[in-house]
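Chain naming here is simple, since letters A, B, ... match the order of the sequence lines and numbering starts at 1 in each. Since the model is a prediction, treat every value here as computed from it, not as a measurement.
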Amino acid sequence: MDLSQNHIHNQFAANLYYQFGSDNPFPSMGTQQQFPPFTSPPFDASPSTNIPHMDWNPATMLDNLTFIEEKIRQVKDVIRTMVDSGGQLSCHQGELAQKQPVVNADLTCLIVQLISTAGSLLPSLKNSSFLSHPAAGHMDMANHVGPSSGLVPNAMTVSEENKEDMCSPEDYEELFKGWTDGAIEEGIEIDNVLVEEQDMKDGDEGIDGENLPPGSYELLQLEKDEILAPHTHFCSICGKGFKRDANLRMHMRGHGDEYKSPAALAKPPRDASAEHELVKRYSCPSVGCKRNKLHKNFQPLKTILCVKNHYKRSHCEKSYTCSRCHTKKFSIMADLKTHEKHCGRDKWLCSCGTSFSRKDKLFAHVALFQGHTPALPPEEPKTCSDQSSHAGSHQESTKVPNSMGSSFMWGASSGDNNALDIKGFDGCNDDFLSTANFGSFNLSFGPADGFTGEPSGGSFSMLPSEHFQSAQKKGQN
Amino acid sequence: MDAVASHHHQHRHPKRRRLALALALSLSLSPSPTPDAAAPPLDSLADELFFLVLDRVAQADPRALKSFALASRACHAAESRHRHVVRPLRTDLLPAAMARYPCATRLDLSLCARVPDAALASAVVSGPSALRAVDLSRSRGFGAAGVAALAASCPGLADLDLSNGVDLGDAAAAEVARAKGLRRLSLARWKTLTDMGLGCVAVGCAELRELSLKWCLGVSDLGIQLLALKCKKLTSLDLSYTMITQDSFLPIMKLPNLQELTLMGCIGIDDDALGSLEKECSKSLQVLDLSQCQNITDVGVSAILKSVPNLLELDLSYCCPVTPSMVRSLQKIPKLRTLKLEGCKFIADGLKAIGTSCVSLRELSLSKCSGVTDTELSFAVSRLKNLLKLDITCCRNITDVSLAAITSSCTSLVSLRMESCSRVSSGALQLIGKHCSHLEELDLTDSDLDGEGLKALARCSKLSSLKIGICLKISDEGLTHIGRSCPKLRDIDLYRCGGLSDDGIIQIAQGCPMLESINLSYCTEITDSSLISLSKCAKLNTLEIRGCPMITSTGLSEIAMGCRLLSKLDIKKCFEINDVGMLYLSQFSHSLRQINLSYCSVTDIGLLSLSSISGLQNMTIVHLAGITPNGVTATLMVCGCLTKVKLHEAFKSMMPPHMIKNVEARGCVFQWIDKPFKVEVEPCDVWKQQSQDVLVR
C-alpha cells in the first residue's frame, strides 16, 4: 500500500468526523440533489422525452418503447460495422477491442431502460431492480475513458448542439447553492465523457451518487494546480476556477452567447431545462487514489469542492495544527476550526484511551474490539486511573510513549508529525494497537449509526478488511 | 441470623429448652456415644454427622441452631462450617458474622436498610471470601467504593442483587463489571445508570446469564445493543420500563440463548418493532412479557408470535385488545402453557378462539378483562381441559353458567381466583369443592359463599391458600369444616367476615398447624380466645386484626410468646391494646419487621420498648392518644433499621427538624398522614353495600 492510500485512511476519518459531522456521514449518500440515476443519450429527435415513473400512461410507455427500439437499432448498427470491418481486415483487432466496452455500456443502458420501463408497471418492484443493478460496465467505462481520451467524446458522438443544451447554467446554480449551504461542492473538467440524459426523476429513486453507472455522468478531472489555487468562483461548464467572479463572467462568455447577458449570469430559474442538466462527477488527479478514474474501484467525487477538500486532505501536507492539543493536524482550515470546537471536549472515552465526540461512535468502537470497555469521565479520579492502567495492558509494545497521556485526546499519540500517518500502516506494525490506530480504525469503520460495524457505505470498502481482523486478533491477545 | 444479631443474654429459659431439644436430637442420631467421660460425646463426631444433626435441628426449629452451637466447642465449629447463608440484622456485626461463618456462600443483607461502604469493605476484609451471592436489594447507603470492595474480595461472586440502587450509577456499574464471573445481576431502578455503565457491565461480565435493567430509564438502545453483542450467554433479560425501541429489540431477539424476556411497560416497543423480526425467529425464547406495552396492537402481537415457536409463557396484560385473528396466531406456538391477558378487552369471539387455539394451556389469566361473557368463557374452558390455574378476578358478568362449565371441565384446577365475581350464586360455589378437589389456592373474596360452600371445600385437602374475605354469609360452622380437613392451610383471609366468632378461628388454629398468615380484620366478634389458640401456630408470621375492638394485650402477649416468627402485625383500631402488649412484643417478637399501631392505647413507654426490636423496618403510628413528639423522636432515634414511618401530619412540626433529617439520612422515609380521627367501624354489611354502590355507579 503506498503512501497515498495511507492518506486516504486518515482523510476519510477526518472527512467523516469533521466535515460531515452528524448530519450526513456519507458524502456519497447525500440525497439532497436529485441525480437522474440512469440516463440515455438523446438520440431521439425530441430530447425532452422523459420517463416519469409514477404517472404511467400509454403515451409515455409508447415513447419509452420507441426510444428503446431506436437504441437497439443504434447498437445493432455499431455491431454490424464491427462485423463488417472484422470481415475486411483482421488487423482491426485493436479497434474492435476499443469498441467492445462501448457496446457493453450501451447494452447495460438498454437493460436498465427496459427494467425501469417495466418497473413503472410494478411500483413495488422498482426499488429492488434499481438498487440491485450492478455497476456493470463501470470498469470498462473508466478504462475506456483513459486520461488520453481527453475531450474526445466516446463512440456515441454527441453533437455540439446537444452538448450545449445539456451544459445548461443549472450546474452553476447547483454549485452556488451547495456552496452557500456549506455542503461539499466543486468542479473542473478535463475529460468529457459519455453524455446520456434521460431524466427518470422519481422521489425515492434518487439512489446515492456512488451507484451512478459509469457513463451516466460527465467525468471531469482538475489539474493539481487548479485544485490548490485559492479560487472561489468556478465555471459550471468546464470547472475552471477563478479568484474573482468578474473573471468567471468573462470566462463564461467564451462558452456561448447565452452567457453574455447579466440575466444569464444571475441565478437562472430552475425550469424544464433542468431535466436535461448534465450530471457531473470528478476525478482526483492523483494516480493510484481511489478517487482517480484509473483506480479499479473508482469512486467519483461529486462536486468541485469535494475535489478540493479531498485533494487537500489526502494528498497535501497538513499544515494547520490544533492549538489546543498540538497533535491533530489538518490541511484545511475549516477542518481545524471544526476540530478545535470539539478538541478536549470529547467526553466519550474508551478504556484504551481513545475518545469520541459521540456516544454511538464509542459504542461502535467498543463493540468492535474485544476487551475494550467504555470508560467513565475522570470525575471519579480513582475509577479513571484504574481504567487507564487496565487499558495499558493492551499496548505494552507501543512505540509511542505517552499515548496513554492524561489528556485522552483524539489520537493523543505524540507531537510527531508522522503520528497520524502511522495509523495507516499495515497490521504487522508493532504499534498497531496504539491509541492512534484504534482511533483511526474506529473512525473509518463507524460510518453508520448502525452498530453492527458493517461497512455500509461504498466509500468505506476501500479499507481492507484484514485490518479489522488483525486488529481484533491483537485485541484478543 | 439469630446467632449473629439477637441478644444473647436474654431469655435463658426458652434457650435451655431448645438446647435440650438439640441435644436430644443429636444424641439419638449418634451411633454409639463414646464411654470416655473426659471428652463430651459430641466432640468426637465426624463433620458429616454433625451436619446431618444440624440439618435436622434447623428443620425442627431454626433458632435451635444457636443453642446447638453453644453446647460445645465442636458444636460451635461445626455450626460455623455448616452455615451457608448469612442474613445479618445489623451491619456493624457483619465482620464478626463473616469471620464466624467463613464457608458462607450467600450474604443476604435485606434486613439491613443501611449498608455503608465501610461495612461492605470490612465484611470481606479477611482474605478472599467464599461468597457467591450477595443481596443488597433492600439496602442503601453504599456507593461505587462499596461495590468495588465487594467485587475485589469475592472472586467467586456469581449472583449480585443491587436492585433499588436509585443512587447508584455508572461509577458503581463500572465496579460491578470487575466481577467477571457474574451470572446473575440485577440493577433494577438504577435511575442514573446510562449506556456507559451498562457498557462496562456488558464488556466486563461476559458470563452473565440473567440481568435485570428494570426501570433503568437512562439506558438506551446503544447500551442494549452492546449488551446483546457482548453477553451472548444471556438467558433472562428484564428491560421493563426502559426506553428501548426497535433498534435494540432485534439484537435482543437474536440472542442465541435467551429464554426469558420481560418488556413490561416499554412504550418504545410498537408493532413495527415486533414485526421487524420478519422471517427470523428466536428458537430459545420461552417466556415473553409484553404487559403494559401501550403502543402494541393485535397486529404486532400476531407478528411476533410467528417468530417465537417455542414459547411457553406469554403475558399480554394491559397491552392490547384481544381479537380472534390474534388469538388464532397463537396456534403457531403449540407449546404455550401460560397466557396472561389481565385487563385486556376481548373483541368479537376472541375468548372463544382461545379455546380452539390454545389447547395445551395450563394457566390462563383473565383478571379484570372486559368482554368476558358466559357463552364465551364456557366455550373456552370446555376446550381447556388441562387447565391448572384460572384467574377470572373481577369478571363481573359471569354467572353460574360459567362456573358450572369451569368446574365440570377443568377438574384438575390447582388455583382458581375469582374475587368479585358477585353474580355467581352460593349454590354454584358449592360446585368448586365438589369437582375441583386438587385446589391449592382459592380466592372467593367478595362472593356469596356460605356454610354449604365451605363444607364442600372440605374435599380440597391440599388447600394452602384460602381467601374468603367479605363473604358475609360464612359462619363458624363452615370454617370448622376447613379446620378439620385442610391441614396444609398456610394462608387464610377472613377480612370483614362479620359472621365469624372465636369458635371458627379456634377450629382453624387447631386444625391448621402450618398457618403462616391470617387476616381477621374487622371480624368484630373476635376476642383474645382466638389469639390464644392461634399462638399455637408456631409458623405464624403475619397477623392482621385491624378493627377487632375486643382484643386486648392479653391476647397479643400470647401471640408474642407463641409465634416467634411474627414479622408483620396490624393492630390498628384494637383500642384495648396498650403498653403491656408492646412490652411482650419487644421481649419476644424479634422477627417483627412491620407494625401498625394506629388508634391503640399505646403510650411513649410502649413505643420506646418496641425500639429494642432491632429489625423493625416499618411503623405506622397515627392517632395514638398517648404518644408525644418526644416519645416518637426517641423511638425513631433508637430504631436504626427503620425504612418507612407513617406519622400524623401534626407531628411534623412538633418534632425537631434536625432529628427528622437525621432519621431520613439513615434511609428512613416519612409519610405524613392527615386523615381525620375516626373511631367507629361500620358493620360489615353496611360496608359491603357501600362498596357495591360504588360499582353500580
Would you name the heavy atoms of A:Leu349 and B:Met196 that are closest together and state the gap between them? O-CE, 4.0 Å
Around atom NZ of B:Lys283, are there more than 12 heavy atoms from other residues, nucleotides or ligands closer than 6.0 Å? no
Here the gap from B:Leu198 atom CG to A:Phe363 atom CZ, rounded to the nearest 0.5 Å, amounts to 7.0 Å
Closest heavy-atom pair and its distance - B:Ala174, A:Leu376: CB-CD1, 3.9 Å
Distance in Å, A:Lys359 NZ paired with B:Leu222 CG, rounded so as to fall on 0.5 Å steps: 5.5 Å
For a quick test of reading the model, state the closest non-hydrogen atom pair linking A:Pro374 to B:Cys200 and the distance between them. O-SG, 3.0 Å
Could you give all pairs that pass the side-chain hydrogen bond (donor to acceptor under 3.5 Å, both in side chains) test and reach residues 156-166 of chain B, with sequence neighbours left out? B:Asp159-B:Arg184, B:Asp161-B:Ser163, B:Ser163-B:Ser186, B:Asn164-B:Arg189
What do you reckon, is CZ of B:Arg209 surrounded by more than 12 foreign heavy atoms closer than 6.0 Å? yes
Could you tell me the separation between the CG atom of A:Asp360 and the CG atom of B:Leu226, rounded to the nearest 0.5 Å? 12.5 Å
Closest-packed option against chain A by number of heavy-atom pairs under 4.5 Å, given B:Asp195, B:Thr194, B:Val201: B:Asp195
So does B:Leu217 have more than 12 non-hydrogen atoms from other groups sitting under 6.0 Å from CG? yes
Rounded to the nearest 0.5 Å, what separation is found between the NZ atom of B:Lys230 and the NE2 atom of A:His372? 8.5 Å
Using the ring pair (Phe, Tyr, Trp, His ring centres under 6.0 Å) rule, collect all pairs that involve residues 228-262 of chain B, keeping only residues at least two apart or in two chains. B:Trp215-B:Tyr241
